[in-house]
Engineer: 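Sharing a structure below in structure tokens format, with a few things to ask.
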Amino acid sequence: MDRSLNETLDMERMFDDRSLAVGRPAKFLMTLYKPHLGKILLSIFFFLIKSSPAWALPIVTANLINIATHPDEHSMKAVWINLIVMAVVLVQNIPTHSLYIHFASKAIRFVEAGLRSTLVRKLQHLSMAAHGELKSGKLQAKVLRDVEAIEFLSKQMMISVLSAVMNMAVSLIIVYTHSVSVFAFFFMTIPTSVFLISQFRKRIRRTNNEFRKEIEEMSGTVSEMVEMLPVTRAHGLEKVAIDKVDTSLRRLKGRGIRLDMLEAYFSSSNWVTFQLFQLACLGFTSVLAYRGSIPVGDIVLYQGFFNMIMMSVNQLLNVYPMIAKGFESIHSVTEILLNEDTEEYKGKRKPGQIRGEIDFERVSFSYRDSDKHVLRNMSLHVKPGETVAFVGESGAGKSTILNLLIGFYKPTEGQISIDGIPMNELDMLEYRKSLAVVLQNSILFSGSIRDNITYGLPDISEERIWEVVDMANLRDVVEQLPDGLDTLIGEHGGRLSGGQRQRIAIARALIRDPRIIILDEATSALDNISEHKVQQAMRRLIKGRTTFVVAHRLSTIRDADRIVVMKKGQIAESGTYDELLQRRGEFYEMEALQTSAL
Ligand SMILES: Nc1ncnc2c1ncn2[C@@H]1O[C@H](COP(=O)(O)OP(=O)(O)OP(=O)(O)O)[C@@H](O)[C@H]1O
């Protein structure tokens with residue numbers, strides 16, 4: 001098996017570990033990176049070597065000054081040794097920096113790909129109810145933005161945080177080995193300066209955030225103005241609209257100037273604090289050198305390392321907001337990864353060749369978090385090959401019946417059986433192979449017409465494709481397009497008419513040669529002529545197959561074996577078209593209403 005896939009599956013297992021509680025981002029990161037420990041250790045190793053020029057430079061500079069201030073007969077030799085060592089340390093940076101990035105990047109990319117893939121798998125397995133709760137927009141944001149933020153967090157951890165922490169640690173060790181008193185000075189002054197600088201930075205960040213909010217509000221006002229343009233123009237309200245934007249602009253301008261001034265003040269305070277502490281370090285080390293406690297050249301060494309520590313602190317403070325954002329994203333990603341609300345049916349019984357006998361046994365259903373009984377105590381026996389049409393007022397529960405049949409939701413009470421096997425025990429993957437579904441809004445994806453028709457079936461012959469194209473009355477549409485079946489249809493079929501989209505969805509159902517067909521208003525968007533042709537094709541298709549249709553126009557279900565009239569989640573009456581008309585009940589009234597409307 002592909003190695004990366006193996007690692008992805010490992011990751012899935014990791015997230016099955018319930019001990020990985022939400023709210024522990026550090027543990028989450030460790031779980032993510034544990035399989036890549038080798039790469040991480042190698043990247044740390046190469047980081048240490050590649051960073052040596054930064055540490056060597058202050059030492060070599062101090063050595064050279066010390067040699068120059070105390071020359072003897074070995075001085076020239078010592079100068080050359082220092083220069084050659086520095087040159088070697090510099091040149092090794094070329095391969096070691098690449099090796100460091102190679103291992104760090106490999107670890108990060110593996111984790112990123114694995115995380116995305118685990119999330120996508122999880123999304124595919126979450127129940128429809130969970131999807132309804134998470135809302136698709138929010139889900140997209142999670143998969144795209146949050147994974148990006150976690151990837152960014154990883155990069156910052158592996159690059160900025162690692163380099164800052166290492167630089168600080170090495171600097172402190174070198175300073176400690178050179179002079180304990182300078183080390184003590186560093187130890188006392190650095191935390192104070194970090195505290196002051198972080199206070200200034202906090203204020204700068206706060207003022208920036210305030211300003212960004214103002215700008216967002218401003219863009220909201222402008223885009224609302226553009227959206228409202230037709231209404232504004234139709235009522236001659238241009239001045240009102242412009243005044244509204246002007247007021248918002250004036251506020252933004254004033255706030256902007258004030259924030260620029262505040263930012264200037266805090267930025268310069270930040271810089272001056274930094275410089276003052278550096279000056280204090282210079283003063284302290286100069287006094288030590290004057291007293292002869294340290295060699296003169298070491299002043300440069302301590303300046304260099306003080307600077308390096310302060311730069312590292314600055315770097316950490318810079319990446320802090322991004323790290324905080326990354327940790328927030330970890331929270332929201334774990335919300336999905338640890339969501340146990342997966343597909344409700346987990347049965348494993350293989351149905352064999354499905355005949356299409358379906359039983360609803362006292363089925364009741366309510367959507368989650370809703371007290372409303374959408375279906376109540378519904379029983380229905382459907383023979384293999386029978387066509388059952390559901391009609392009834394809006395909200396009567398017709399589409400819900402189809403959702404239950406597909407297995408998107410489980411009945412709250414009662415059960416549905418397929419060929420005598422309760423859905424609970426059924427292997428849904430096998431069952432759904434014999435289902436074809438055409439829902440109210442035909443769902444197409446960007447790609448060619450061919451891709452959309454053969455979705456999930458790679459080895460379909462050209463002949464078979466044209467056969468269903470003809471059956472779905474699509475040939476004239478396809479032949480008029482520049483690339484025929486390979487014409488790209490744009491996102492969600494945006495370049496096609498509603499009728500064309502629906503016909504593609506019908507062709508997709510036809511090509512599966514299913515045993516059970518589920519149609520929700522499948523022919524509603526077709527014109528009279530093509531609807532007639534599709535109806536003919538449908539008749540051919542549904543012959544011998546169990547079919548469930550939800551249709552609002554009663555004319556389309558005249559030939560159904562049985563029409564079930566739904567009312568408030570219950571079966572009000574059922575029978576053939578003619579039987580129901582003769583009964584003069586609900587259906588008779590609906591039919592009369594539609595005929596008079598026509
Ligand atoms: N995902 C959902 N969550 C909560 N309630 C829902 C959900 N889907 C549908 N409902 C509610 O369930 C009831 C039945 O809806 P359903 O879509 O099955 O009716 P319908 O008979 O197909 O209506 P229409 O003819 O308008 O499509 C409605 O009151 C609807 O508001």
Side-chain angles (χ1 to χ4, degrees), residues 123-140 339 341-345 358 360 362-380 382 387-416 423 435 437-443 498 501-502 505-506 509 516-526 547-557 560 562-574 577 580 585-587 589-594 597-598:
L123 293 184
Q124 279 292 348
H125 292 126
L126 280 183
S127 73
M128 294 306 273
H131 273 283
E133 280 163 15
L134 287 164
K135 302 259 166 44
S136 65
K138 213 171 136 197
L139 277 182
Q140 269 182 19
N339 193 329
D341 191 358
T342 46
E343 269 251 89
E344 301 189 33
Y345 288 105
I358 307 211
F360 282 75
R362 307 176 73 82
V363 168
S364 296
F365 180 73
S366 301
Y367 283 98
R368 200 182 285 179
D369 302 326
S370 156
D371 302 335
K372 190 174 164 190
H373 293 285
V374 177
L375 295 178
R376 294 156 199 260
N377 211 13
M378 178 187 158
S379 294
L380 186 71
V382 181
T387 299
V388 177
F390 294 101
V391 297
E393 62 197 11
S394 179
K398 304 178 297 286
S399 305
T400 303
I401 297 174
L402 302 191
N403 283 339
L404 292 182
L405 264 173
I406 306 170
F408 284 166
Y409 302 94
K410 226 177 189 173
T412 328
E413 278 168 52
Q415 69 174 13
I416 302 171
M423 261 207 196
L435 271 189
V437 180
V438 181
L439 294 176
Q440 270 187 20
N441 299 316
S442 311
I443 302 169
R501 279 205 296 272
Q502 202 131 52
I506 290 169
I516 301 166
I517 302 161
I518 289 177
L519 305 168
D520 193 359
E521 282 277 51
T523 56
S524 65
L526 302 185
T547 306
F548 294 90
V549 194
V550 168
H552 287 267
R553 282 167 310 146
L554 305 181
S555 58
T556 60
I557 49 162
R562 202 166 3 151
I563 295 169
V564 174
V565 183
M566 296 298 298
K567 194 174 182 186
K568 295 191 174 125
Q570 284 178 313
I571 298 177
E573 54 187 4
S574 73
Y577 200 92
L580 288 174
E586 295 276 340
F587 186 76
E589 276 175 30
M590 282 167 68
E591 214 262 355
L593 214 66
Q594 281 205 357
L598 281 172

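Start at 1 with the first residue, then count along the sequence. Note that the coordinates shown come from a computational prediction; the quantities given were computed from them, not determined experimentally. Both ligands and their constituent atoms are indexed starting at 1 by order of listing.
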Engineer: Side chain, backbone, both or neither: which part of V374 comes within less than 4.0 Å of ligand 1 when only heavy atoms are counted?
Structural biologist: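 Looking at V374 and ligand 1, just side chain atoms fall under 4.0 Å.
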Engineer: Which is closest to atom 29 (O) of ligand 1 by heavy-atom distance: R368, M128, K372?
Structural biologist: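 Answer by nearest heavy atom: K372.
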Engineer: List ligand 1 atoms under 4.0 Å from T400, heavy atoms only on the residue side.
Structural biologist: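 What qualifies from ligand 1 is 14 (C), 15 (O), 16 (P), 18 (O).
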Engineer: For ligand 1, is there an atom lying under 4.0 Å from some heavy atom of G392?
Structural biologist: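 Judged by the 4.0 Å heavy-atom criterion, G392 does not count as contacting ligand 1.
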Engineer: Quick one: side chains of residues 400-411, donor-acceptor pairs under 3.5 Å with protein atoms, not counting sequence neighbours, listed by atom name and distance.
Structural biologist:
{"residue": "T400", "atom": "OG1", "partner": "Y367", "partner atom": "OH", "Å": "3.0"}
{"residue": "K410", "atom": "NZ", "partner": "E344", "partner atom": "O", "Å": "3.3"}
{"residue": "K410", "atom": "NZ", "partner": "N424", "partner atom": "OD1", "Å": "3.4"}

Engineer: So do the side chains of R562 and T387 get within less than 4.5 Å of each other, counting heavy atoms only?
Structural biologist: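 A side-chain contact is absent here, since even the closest heavy-atom pair is not under 4.5 Å.
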Engineer: Numbering the atoms of ligand 1 from 1, which are under 4.0 Å from a heavy atom of S399?
Structural biologist: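 What qualifies from ligand 1 is 17 (O), 18 (O), 20 (P), 22 (O), 27 (O).
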Engineer: Could you give the side-chain donor-acceptor pairs of residues 391-398 under 3.5 Å, partners two or more places apart or in another chain?
Structural biologist:
{"residue": "K398", "atom": "NZ", "partner": "G392", "partner atom": "O", "Å": "2.9"}
{"residue": "K398", "atom": "NZ", "partner": "E393", "partner atom": "O", "Å": "3.0"}

Engineer: Under a 4.0 angstrom heavy-atom cut-off, which atoms of ligand 1 come close to G397?
Structural biologist: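 It comes down to these atoms of ligand 1: 14 (C), 18 (O), 19 (O), 20 (P), 21 (O).
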Engineer: Quick check for you: to the nearest 0.5 Å, what is the distance between I358 atom CD1 and L380 atom CG?
Structural biologist: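 These two atoms lie 9.5 Å from each other.
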Engineer: Let me confirm one number: the NZ-NZ distance from K372 to K568, rounded to the nearest 0.5 Å.
Structural biologist: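 K372 NZ to K568 NZ: 10.0 Å, rounded to 0.5 Å.
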